[in-house]
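In what follows, chains carry the letters A, B, and so on, assigned in the order in which the sequence lines appear, proteins first and then strands, with residues in each chain numbered from 1.
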Amino acid sequence: MNHLLESLTEPQRAAVTHHEGPLLVLAGPGSGKTRVITHRIAYLIESGVEPSQILALTFTNKAADEMQRRVAELAPGRRVWLSTFHRFGAMLLRRYAEYVGLEPNFTIYDTSDARQTIKRVIEAREINTLNYSPDRLHEAISAAKNKLITADEYQPRSGSMLSRVVAEVYPAYQAKLLASSAVDFDDLLLHVAKLLYEHAEIRAELDARYRYVMVDEYQDTNRAQYVILRALSSDYPNLAVTGDPDQSIYGWRGADLNNILEFERDYPSVKVVRLERNYRSTKRILRVADELIGHNLKRKRKDLWTENGEGTAVRLIAYIDQDKEATDIAEQIRASVAEGKRQPSDYAVFYRVNALSRSIEKAMRNAGVPFQMVRGQEFFARKEIKDVLAYCQLVNNPRDDMAFERTINTPVRGIGRKTIERLTEHAYRHGIPLLEAARAAWQIEGFSKGTAAKVAAYVEIIDRIAAVFHGDVEEVIGTVLEASGYKASLGSDDEQDQNRLANIEELLTDARQFDEQNPGGGQIEAYLERSWLVNETDNWDTETDKVTLMTLHAAKGLEFPIVFIVAVEDGVLPHERVGQHPDELEEERRLAFVGITRAKEELQMSYAITRDFRGVRRRTIPSSFLMEMPRNEMEMLGGEEAFDPHPFDPWDTPSDDDEGDDSWDFQLEDVTTESVSTGDGADNKRQTALGIAAAALTTAAALARAGATAGLSSSASPSREQAAAVHSALPRVSPDVFKQGMIVAHPEYGPGKIVALSGSGKNRRATIQFATVGQKKIILAHSAVRPAR
DNA sequence: ATATCCGAGATTTTT
DNA sequence: TCTCGGATAT
């Protein structure tokens, strides 16, 4: 048998040997998906397909690099085009720039550049943004672009103020980008999609050229990517995609789950391969994950299974507060490492939001456990790096006004706001880029001799850099540092300057390495492109022996022997900002699923009974997801700390009304019964612990059922009687006790959540989102509204 | 041009 | 509680 197929299972083999026609590989977590892709590439090559006819697309550089490496092992010396979608888009756009109104030397703006540009556009055109931040507007524009809605097609939705502003800003922003010969990340896809759509001959040529297209993480593709892929696999429909609808966690970035759910409809002749065998996790971990995700409606059924051992029970722990949670986790890790049973790199701690990492970090430090946090502060996004590269950017693309504005007075050379204003005005009037306006400084009205001289000196700097532009990257950057005076400006020995200097040194080192790999000079554009599209989050190293701390999103695609997921609480996971749309709740559930399935041997989920968040201590509600997990695979622990007495909570008892949703009642009974039956008389503490955990879960169930989470859950609305009953159990309080985000109860409207507050004392008013009647503005002193807990 | 003060707002972030 | 950005003061 072919050596490429030897180590594969039957379904894997079926996918690898699939030659012509569309292919959908539904790959569960840990099912060897990357192997399938890389082996298929190698297999195609071995069957005589030219490597240049194969195109493989991923979402991250990390994934692309990893695959490239593995393909190189399987098929040495045969390079296929394997890159991220965006890089592929950039490559095509450089070739076909003119078709979409760009210069081939266009600049790629990152998110902050885009935001900056939007800001400038708003100022220049004096657009009334109704207080929507540039950030918010960019998000909306980005969403539109992901949906393939161009600036001139964009229509405001009636009733949406935001969209009305966007309708004004989007075309202006897009015009600015084109005038600057720049694109944002979304344009890299949008322009390509448009290009392929509008130019049949180019589409046909590329379709034929990229005869075999493969896509990883297909569940994360957006509309633009979908259209590009369709265009490239129409005459030669050899599109092979792999993905897992259950791991789609980027819906908020425009990913359209329907792309994968409806793949079979789009390509009727598709061959579907399911990789359901998991090689990663224990049976118990897998069953917990499987049962949880089974609560999603929008999915494709998969039967996950594994030959791995049962493993230990998944732990669910209720801690008294976040510090106990953090210290206990740190202590567990410290102890196992000290005993020599484990090493730090075996562990990972996941959280829903970055803000939750604090207590964990602190505890790790105190326990002396080495750890690394994976966070998106990227090297190329640092100010000093962007400053320096902006000079190169401007020389490479003289129309790049953004780069001009960034560099004109950085380092400071006495060119102030007024001067820039005049330049901008002049440029605007003549329809020329800022750099060109600067070249005409001597002719500009209102410029003193001194001002004009300063501007001329700046232009001189740009020209000096341009003179060496065809040399090595290191030389170009070196010239920037000297000519611009940037390096000299970092002369002080305060920490920040020193730090920046060090980063710049690092940049030079990086440039030198780049030059070695790309000899011959004149490669600055390629270098810039790399700086725009490669982020240094990829520098998370698996080599060093440290505990990994990261968000659930960042965890996708990784695996660890032991995983902790913290703050599995209502409002955190699922996050409180998920809207009323059930799809968003399902995405949160998938996020939990992703987290769980990262674990190979052990998994601990935990919540804190009280948590300090944004300065306020709040009692938490355990995540409703916990109630969707199989109790019999789990071990519920309160730990010492959970035994501390806490205030009587009227909701903290199982509700005994028999109305409403059966499944909830079943869950309640289930929990209660188990908490009692588990105590076999031996371990008293344990019994109490279970009791507390169960009671907490019960509270959550009661809340969820009452709809107290105000639209978060899909549960039915409470009856009037229920609302009144709940309400009467609650104490009356002073108006000033009410806080933003607080869950409250109203005798008539039932439970609700405070979304806004104003005034104090008897003037204190609250805007409350009720589950039943929507938003109401209420004067607290005159109302019977009470805190729910 | 820089210091500092206040208020608003505070998910996730492959590119 | 913390952080970022804008506005104001020096």
Colleague: Assign Arg87(A) to base, sugar-phosphate, or nothing according to its heavy-atom contacts below 4.0 angstrom with the strands shown.
Modeller: nothing

Colleague: Using only side-chain N and O atoms of Arg358(A), determine if any of them is under 4.0 Å from OP1 or OP2 of dT3(C).
Modeller: yes

Colleague: Using 30° and 60° as the class limits, which term best fits the ring planes of Phe404(A) and Tyr458(A): parallel, tilted or perpendicular?
Modeller: perpendicular

Colleague: Answer with base, sugar-phosphate or nothing: what part of the nucleic acid does Gln225(A) contact at a heavy-atom distance below 4.0 Å?
Modeller: nothing

Colleague: Are any of the side-chain heavy atoms of Val241(A) and Ile260(A) separated by less than 4.5 Å?
Modeller: no

Colleague: Could you tell me how far dT12(B) sits from dG5(C) if I compare only their P atoms? Round to whole Å.
Modeller: 15 Å

Colleague: Would you say Asn131(A) places a side-chain N or O within less than 4.0 Å of OP1 or OP2 belonging to dA8(B)?
Modeller: no

Colleague: Is His553(A) stacked on the base of dT12(B), meaning ring centres closer than 5.5 Å and planes within 30 degrees of each other?
Modeller: no

Colleague: Looking at Arg223(A), I'd like to know if its CZ atom is crowded, meaning that more than 12 non-hydrogen atoms belonging to other residues, nucleotides or ligands lie closer than 6.0 Å.
Modeller: no

Colleague: Are side-chain N/O atoms of Ser448(A) and Thr451(A) paired as donor and acceptor at under 3.5 Å?
Modeller: yes

Colleague: Between Leu356(A) (CG) and dT1(C) (P), how many Å, whole number?
Modeller: 17 Å

Colleague: Ignoring backbone atoms, establish whether Thr551(A) has a side-chain N or O less than 4.0 Å from OP1 or OP2 of dT13(B).
Modeller: yes

Colleague: Is there a side-chain hydrogen bond (donor to acceptor under 3.5 Å, both in side chains) between Gln174(A) and Lys145(A)? Walk through the geometry before answering.
Modeller: CA-CA 11 Å; Gln174(A) 204 58 26; Lys145(A) 286 184 174 182; 2.9 Å; yes

Colleague: Have a look at Glu384(A) and tell me which of Arg406(A), Arg500(A), Lys487(A) forms a salt bridge (Lys or Arg N to Asp or Glu O under 4.0 Å) with it.
Modeller: Arg500(A)

Colleague: Expressed as a whole number of Å, how far does the P atom of dT13(B) sit from that of dC4(C)?
Modeller: 16 Å

Colleague: So if I take every side-chain heavy atom of Arg352(A) and compare against dT2(B), dT14(B), dT11(B), which nucleotide ends up nearest?
Modeller: dT11(B)

Colleague: dG6(C), OP1 or OP2 - any side-chain N/O from Lys119(A) closer than 4.0 Å?
Modeller: yes

Colleague: Does the gap between the ring centers of Phe350(A) and Phe564(A) come in under 6.0 Å?
Modeller: no

Colleague: Identify, residue by residue, the members of residues 133-148 of chain A with a heavy atom below 4.0 Å from DNA chain B, and return them in order of residue number, or none.
Modeller: none

Colleague: Quick test of the criterion, 5.5 Å between centres and less than 30° between planes. Is Trp252(A) stacked on dT11(B) or not?
Modeller: no

Colleague: Closer than 4.0 Å, any side-chain N/O of Asn222(A) to the OP1 or OP2 of dT14(B)?
Modeller: no

Colleague: Hey, is CZ on Arg136(A) packed in by over 12 heavy atoms from elsewhere, all under 6.0 Å?
Modeller: no

Colleague: Rounded off to whole Å, could you give me the CD1-to-P distance for the Ile415(A) and dA1(B) pair?
Modeller: 10 Å

Colleague: Taking only N and O in the side chain of Asn354(A), is any of them less than 4.0 Å away from OP1 or OP2 of dT12(B)?
Modeller: yes

Colleague: What integer number of Å spans the C1' atoms of dT14(B) and dT3(C)?
Modeller: 25 Å

Colleague: May I ask you to verify if any side-chain N or O of Arg614(A) is less than 4.0 angstrom from the OP1 or OP2 atom of dT11(B)?
Modeller: yes

Colleague: Between P on dT12(B) and CD on Glu587(A), what's the gap in Å once rounded to a whole number?
Modeller: 14 Å

Colleague: For the side chain of Val412(A), counting heavy atoms from C-beta on, which of dT11(B), dT13(B), dT2(B) is nearest?
Modeller: dT2(B)

